[in-house]
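A, B, ... follow the sequence lines: proteins, then strands. Residue 1 opens every chain.
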Amino acid sequence: MIGLTGIFLLLGVMIFLQMPVGFSMALVGFFGLWYVTGINSALSTIGTETWSIFSSYGLTVIPLFILMGTICFHSGVNKSLYETAYKWFGRTRGGIAMATVMACAGFAAICGSNNATAATMTTVALPEMKKYNYDKALSAGSIACGSTLGVVIPPSVVLIVYGIQTGQSIGKLFWGSTLPGILMAVLFVLTIYLVCVKHPEWGPGGPKVRLIDKIKATPGMAEMFILFGLVMGGLYTGAYTPTEAGAAGAFFALLIAGTIRRKLTWKGFVSSITDALKVTCMVIVIIWGAVIFGRFLTISRLPFLAVDFVSTLHVPPYMIMVCILLIYAIAGMVMDALGFLLISIPIFYPMAINLGYDPVWFGCILTVVTTLGAITPPVGICAYVVSGMAPDIPLSTVFKGVFWFIPAYAITMGMMILFPQIALFLPSLVR
Amino acid sequence: MIIGLDKFSNNLNRWFNWFGGIALVGLTGIACANMLMRILGSPFKGAYELVGFFGALVVALPLGYAQVNRSHISVDILGRRYSAKTKRFVNAFNSLVCMAFFVLVAWQSGGYATAIWKRGETSETLRIIYHPFVYVVALCCLLLAFVLLIDFLKTLRPQKGEK
Amino acid sequence: LTAPAQAQIKLSYANFPPAPTFPCVQMERWKTEIEKRTAGKVKIDTYPGGTLLGAKNMFDGVAAGTADIGSTATSYFPGMFPIVEFVDLPVGWPSATVASAVLSELVEKYKPKELEKFKVLTMFTCPPANIMSMKPILGLEDLKGYALRASGTGAKILGLLGAAAVGMPQSDVPEAIQKGVIKGNVSSLEVMKDFKYAEYCRHVTSNVNLFVVSFAVVMNQKKWDSLPADVKKTMDDIRMDQAIWTGRYVDNHVKESMKWSEQTHNVQVYKLSPKEISRWDALLKPMIDTHLKDVEAKGLPAKAILDDTLKLKEKYSKQFPD
Ligand code: NA
Ligand code: NA
């Protein structure tokens with residue numbers, strides 16, 4: 001029960017005291033650990049975890065991709081990208097938000113982390129959507145949800161963890177998650193379309209552009225596509241790993257900004273670095289808080305109780321699957337999804353297999369449901385990132401925007417349950 | 001007095017942020033150099049350790065600067081409903097509590113650095129000492145606590161629009 | 001519900017790798033055995049996958065009481081465990097069972113100062129590291145400049161052998177192998193199946209037995225002191241048994257994994273001739289000499305420990321052939 005108390009305390013500190021979210025999670029986690037395991041343990045945790053999280057190799061992908069984004073921003077690469085996109089898709093209501101979701105999907109193919117995707121896409125896309133008078137909630141929601149494609153579309157941190165935990169082929173999992181990722185992206189686009197039907201002023205349509213002008217404007221996308229090609233190319237020829245792709249991206253962005261564009265001034269470069277630092281610091285402090293709070297939740301055994309609860313249910317197999325997904329959705333609201341995955345897989349995985357579900361399918365659907373945790377309040381790291389990077393968009397607005405996209409997640413999972421082939425078709429083609 | 005402290009803190013943080021920038025450029029450089037060397041057939045086997053250490057600097061050095069610029073986000077649902085006085089009280093409370101907490105974090109991180117120094121702990125592959133990096137992280141937490149202290153002192157003075 | 005006559009003793013046990021890996025399997029086995037042998041008097045909550053403490057924070061975390069018991073690899077702390085490190089030297093361990101038994105006896109005999117602050121519950125090692133690669137490695141010549149991943153000690157050993165040692169955290173390896181960023185991995189061979197490396201590494205050189213990684217399971221000393229005598233005795237009695245059980249389990253797991261790799265992915269397995277292996281040993285000898293010197297400088301009987309290590313290796317190799 002101390003676990004639940006901790007969650008309510010966290011909500012109180014965050015909502016009533018408005019303490020920064022990273023600080024609140026660390027603080028409540030600290031007091032929770034103190035209560036459960038004693039002051040020495042709580043102090044030791046903040047001492048050792050601070051270093052181990054800050055120095056984590058896996059997290060360095062975040063500053064590197066953010067740097068790539070800020071360099072693109074300050075050298076105007078994304079501005080020309082969006083000008084072109086506006087000519088092509090601007091006439092459709094919500095067209096720029098749709099293009100942004102597609103850009104998120106493309107970026108997700110090079111980056112395995114949704115936080116890095118959120119940070120990069122916020123830098124690249126948010127100012128542009130603002131320029132075209134898009135609604136703040138819709139813009140922020142599109143980016144926050146689009147960025148969750150970062151882990152659904154391979155490469156993906158969650159699938160790697162699942163693969164290592166369950167001994168499934170990571171290659172097959174990657175193939176399996178590809179179609180669900182694309183399906184999700186399509187559903188996001190559809191969501192934007194429907195939202196804009198209801199609220200046309202949220203994604204105002206632009207003027208009509210002649211085809212010839214569209215074609216003339218197309219070279220404006222070239223730089224971004226060259227950058228994308230360089231990063232993807234290196235990734236698929238084995239020149240570097242997905243973690244290293246961030247560094248390559250930052251380097252190539254600098255190269256393009258400096259040589260093709262010649263628009264990146266020293267001042268722009270300094271701003272790129274400063275912005276990247278601020279955002280990195282903010283994102284990783286939130287992750288730091290989430291880890292410390294997660295340690296406390298773990299030792300409170302609340303997540304274990306939740307898992308045990310489902311494993312004792314006597315209901316039909318599909319209901320058990322729905323319960324498992326619900327537990328993930330609820331756990332994802334309050335703790336780091338990856339942390340809960342590590343705790344729960346040893347119990348849920350054999351359960352799902354015994355019920356006759358395919359292990360690859362299960363991995364893919366878990367990826368969708370855990371990524372939902374990154375955008376649901378109160379602990380929704382991707383939503384935090386978007387809001388943190390756009391000072392004029394309060395957190396509540398981001399969550400409001402995110403709300404519209406929740407059905408897309410539910411439909412993706414529902415379709416995966418009804419048509420498992422969505423996740424199983426591609427893996428069946430590879431050996 | 002507060003104005004002086006504030007100025008001092010801003011300058012200090014700007015410097016730390018500069019070093020953070022250098023660390024970020026260094027981080028990119030190390031990672032790229034490692035890829036290049038691996039393609040050329042002579043990988044630098046400890047690169048990922050250095051990447052981690054520089055990553056820590058990239059996060060830690062701007063800690064104070066990010067606080068000065070209010071980059072650490074909070075939930076704002078109730079924010080607009082609070083009266084100026086309540087707001088000031090809440091801010092004072094937050095700054096004070098967070099300051100105390102980051103003093104603890106700095107103290108414990110420093111203690112951790114001292115511990116690995118004393119037992120001669122080195123990194124796994126390069127076998128280099130790394131406690132200086134941990135000390136920098138501790139120092140940066142202390143700087144954040146200092147910024148929070150100034151934030152607290154500022155809340156003690158009546159704000160505009162409040163009697 | 002009837003509570004047991006005596007109040008239960010609750011212990012928390014943290015481990016860093018994912019639940020299906022052998023360090024966690026041995027943790028569950030230890031938990032089951034202790035709970036059984038104490039007839040429910042002791043209850044143990046396990047935390048696999050670094051959910052409570054990570055590998056590097058394990059010793060500090062157990063000392064501070066975040067977990068009562070913790071298991072981690074001493075090999076991740078180079079220079080910190082000079083006596084244990086004798087087992088990490090490239091002396092050609094035949095199996096995890098032998099190496100685990102020797103490690104346990106060495107620790108028993110020399111009572112390393114660096115483990116004094118803790119109660120050592122058991123010690124074990126992983127199976128000997130061998131080479132899984134995308135091309136056949138049949139001799140030192142094939143190894144020259146070849147990009148192989150290894151961690152810590154392994155990277156040093158690969159460097160001495162002339163390979164291009166790539167340092168990379170375990171979490172990055174599956175993708176790096178898949179994409180061909182690295183051409184293979186050097187570690188104990190159960191990962192061929194566990195991480196599905198067999199899909200990409202079709203060649204295994206299986207008898208070079210380069211090194212082992214040592215693990216320690218430690219308990220917070222205060223917690224240990226607070227335990228009743230009979231529980232202490234139960235835990236002490238199981239110490240050597242647990243080490244050998246773990247070695248046996250993971251050695252069998254390697255066999256199973258290799259069988260699977262050969263059957264499902266047509267993996268080719270090579271055994272090098274004793275003559276070729278002696279060439280490798282010659283290159284690795286300086287590493288042993290350096291360690292001897294380093295440990296002597298610390299005022300420890302280095303030569304005696306090494307002799308004991310080798311003597312025990314002979315003894316247990318006979319006791320646990322294959
Ligand atoms: Na991805
Ligand atoms: Na959430």
Side-chain angles (χ1 to χ4, degrees), chain A residues 14-24 26-27 30 43-48 50-51 53-57 59-60 62-64 67 234 239-241 243-244 246-248 250-251 254 270 273-274 276-282 284-286 288 377-378 384-385 387-389 391 394-396, chain B residues 17 20-21 24-25 27-32 34-35 38-39 48-49 51-63 65-67 69-79 82 87 90-91 93-94 97-98 101-102 104-105 107-113 115 130 133-134 137-138 141:
Chain A
M14 267 170 32
I15 295 172
F16 292 102
L17 293 182
Q18 299 168 5
M19 192 181 282
V21 284
F23 299 179
S24 337
L27 198 65
F30 171 77
L43 287 173
S44 156
T45 302
I46 55 170
T48 53
T50 304
W51 169 252
I53 296 159
F54 282 17
S55 67
S56 151
Y57 175 79
L59 290 180
T60 52
I62 292 176
L64 293 170
L67 181 62
Y240 35 79
T241 64
T243 316
E244 291 168 343
F251 174 74
L254 201 56
V270 171
I273 301 260
T274 315
L277 286 176
K278 259 194 299 197
V279 177
T280 302
C281 183
M282 176 205 80
I284 295 189
V285 163
I286 290 173
W288 167 78
Y384 292 166
V385 172
S387 163
M389 293 178 70
L395 200 50
S396 44
Chain B
N17 203 47
L24 180 55
V25 174
L27 174 66
T28 317
I30 295 168
C32 288
N34 179 45
M35 285 182 261
R38 196 176 49 227
I39 294 165
Y48 79 97
E49 280 176 357
V51 165
F53 297 157
F54 272 73
L57 298 185
V58 169
V59 183
L61 287 165
L63 268 173
Y65 189 75
Q67 177 62 25
N69 287 288
R70 294 288 174 273
S71 300
H72 297 293
I73 58 159
S74 42
V75 182
D76 48 5
I77 309 169
L78 289 177
Y82 283 166
K87 223 178 218 167
V90 164
N91 284 342
F93 179 83
N94 280 351
V97 170
C98 290
F101 183 58
F102 277 96
L104 280 185
V105 176
W107 170 45
Q108 286 302 313
S109 299
Y112 179 59
Y130 62 95
F133 290 98
V134 190
V137 169
C141 292

Legend entry - Distance (rounded to the nearest 0.5 Å) between B:Asn91 CG and A:Met19 CE: 10.5 Å

Inset, instruction - Check each atom of B:Arg70 against the heavy atoms of chain A and say whether the ones under 4.5 Å are side chain, backbone, both or neither. - result: neither

Inset, instruction - To the nearest 0.5 angstrom, please state how far the OH atom of A:Tyr240 sits from the CZ atom of B:Arg38. - result: 10.5 Å

Legend entry - Per-residue contact mode, B:Tyr65 against chain A (heavy atom under 4.5 angstrom): side chain

Inset, instruction - Under 4.5 Å heavy-atom distance to chain A, tell me which part of B:Leu63 shows up: side chain, backbone, both or neither. - result: both

Legend entry - Spacing of CZ belonging to A:Phe23 relative to CZ belonging to B:Phe102, to within rounding of 0.5 Å: 4.0 Å

Legend entry - Top of B:Asn34, B:Asn17, B:Ile39, B:Ile30 for chain A proximity - count of heavy-atom pairs under 4.5 angstrom: B:Asn17

Inset, instruction - With a 4.5 angstrom heavy-atom cut-off, could you sort out which part of A:Thr50 is near chain B: side chain, backbone, both or neither? - result: side chain

Legend entry - Atom group of B:Glu49 that falls short of 4.5 Å from chain A, counting heavy atoms: neither

Inset, instruction - Look at the side chain of B:Asn94 and the backbone N and O of A:Leu17, then say whether any donor-acceptor pair between them is shorter than 3.5 Å. - result: yes

Legend entry - Heavy-atom pair with the smallest gap, counting every atom of A:Ile273 and B:Gly21: CG2-CA, 3.4 Å

Inset, instruction - Can you see which heavy atom on A:Ala247 is nearest to which on B:Cys32, and at what distance? - result: O-SG, 3.6 Å

Inset, instruction - Give the member of B:Gly55, B:Pro62, B:Gly111 that has the highest number of heavy-atom pairs under 4.5 Å with chain A. - result: B:Pro62

Inset, instruction - Fit a plane to each ring of A:Trp288 and B:Phe101, take the angle between them on a 0 to 90° scale, and name the class: parallel (under 30°), tilted (30 to 60°) or perpendicular (over 60°). - result: tilted

Legend entry - Top contributor to chain B interface from A:Gly22, A:Ser44, A:Ala239, A:Ala250 [non-hydrogen pairs under 4.5 Å]: A:Ala239

Legend entry - Minimum heavy-atom distance B:His72-A:Cys281, with the two atoms named: CE1-SG, 4.0 Å

Legend entry - Shortest non-hydrogen contact from B:Tyr82 toward A:Phe16: OH-O, 2.7 Å

Legend entry - Region of A:Thr45 in contact with chain B, defined by heavy-atom distances below 4.5 Å: neither

Inset, instruction - Name the region of B:Val134, side chain, backbone, both or neither, that has any atom closer than 4.5 Å to a heavy atom of chain A. - result: both

Inset, instruction - With the side chain counted from C-beta on, respond yes when B:Ser74 and A:Val21 share a heavy-atom pair under 4.5 Å apart, and no when they do not. - result: no

Inset, instruction - Please look at A:Leu277 and chain B and tell me whether the side chain, the backbone, both or neither of the residue comes under 4.5 angstrom of a heavy atom of that chain. - result: both

Legend entry - CZ-CZ distance between A:Phe54 and B:Phe53, expressed to the nearest 0.5 angstrom: 15.5 Å

Legend entry - Structural part of A:Ile53 lying under 4.5 Å from a heavy atom of chain B: neither

Legend entry - Reported OH-to-OG1 distance for the pair B:Tyr48 and A:Thr60, which is rounded to 0.5 angstrom: 12.5 Å

Inset, instruction - Walk me through it: do B:Val51 and A:Glu244 pass the test side chain to side chain contact (heavy atoms under 4.5 Å, CB included)? - result: CA-CA 10 Å; B:Val51 165; A:Glu244 291 168 343; over 6 Å; no

Inset, instruction - Side chain from CB out, backbone as N, CA, C, O: work out which of these in B:Phe54 comes under 4.5 Å of a heavy atom of chain A, or both, or neither. - result: neither

Legend entry - Pairwise distance OG1(A:Thr48) to CD(B:Gln108) - rounded to 0.5 angstrom: 9.0 Å

Legend entry - Contact origin within A:Phe30 toward chain B - heavy atom pairs under 4.5 Å: side chain

Inset, instruction - May I ask you to name which of B:Gly29, B:Gly20, B:Cys141, B:Ala115 has the most heavy-atom pairs under 4.5 Å with chain A? - result: B:Gly20

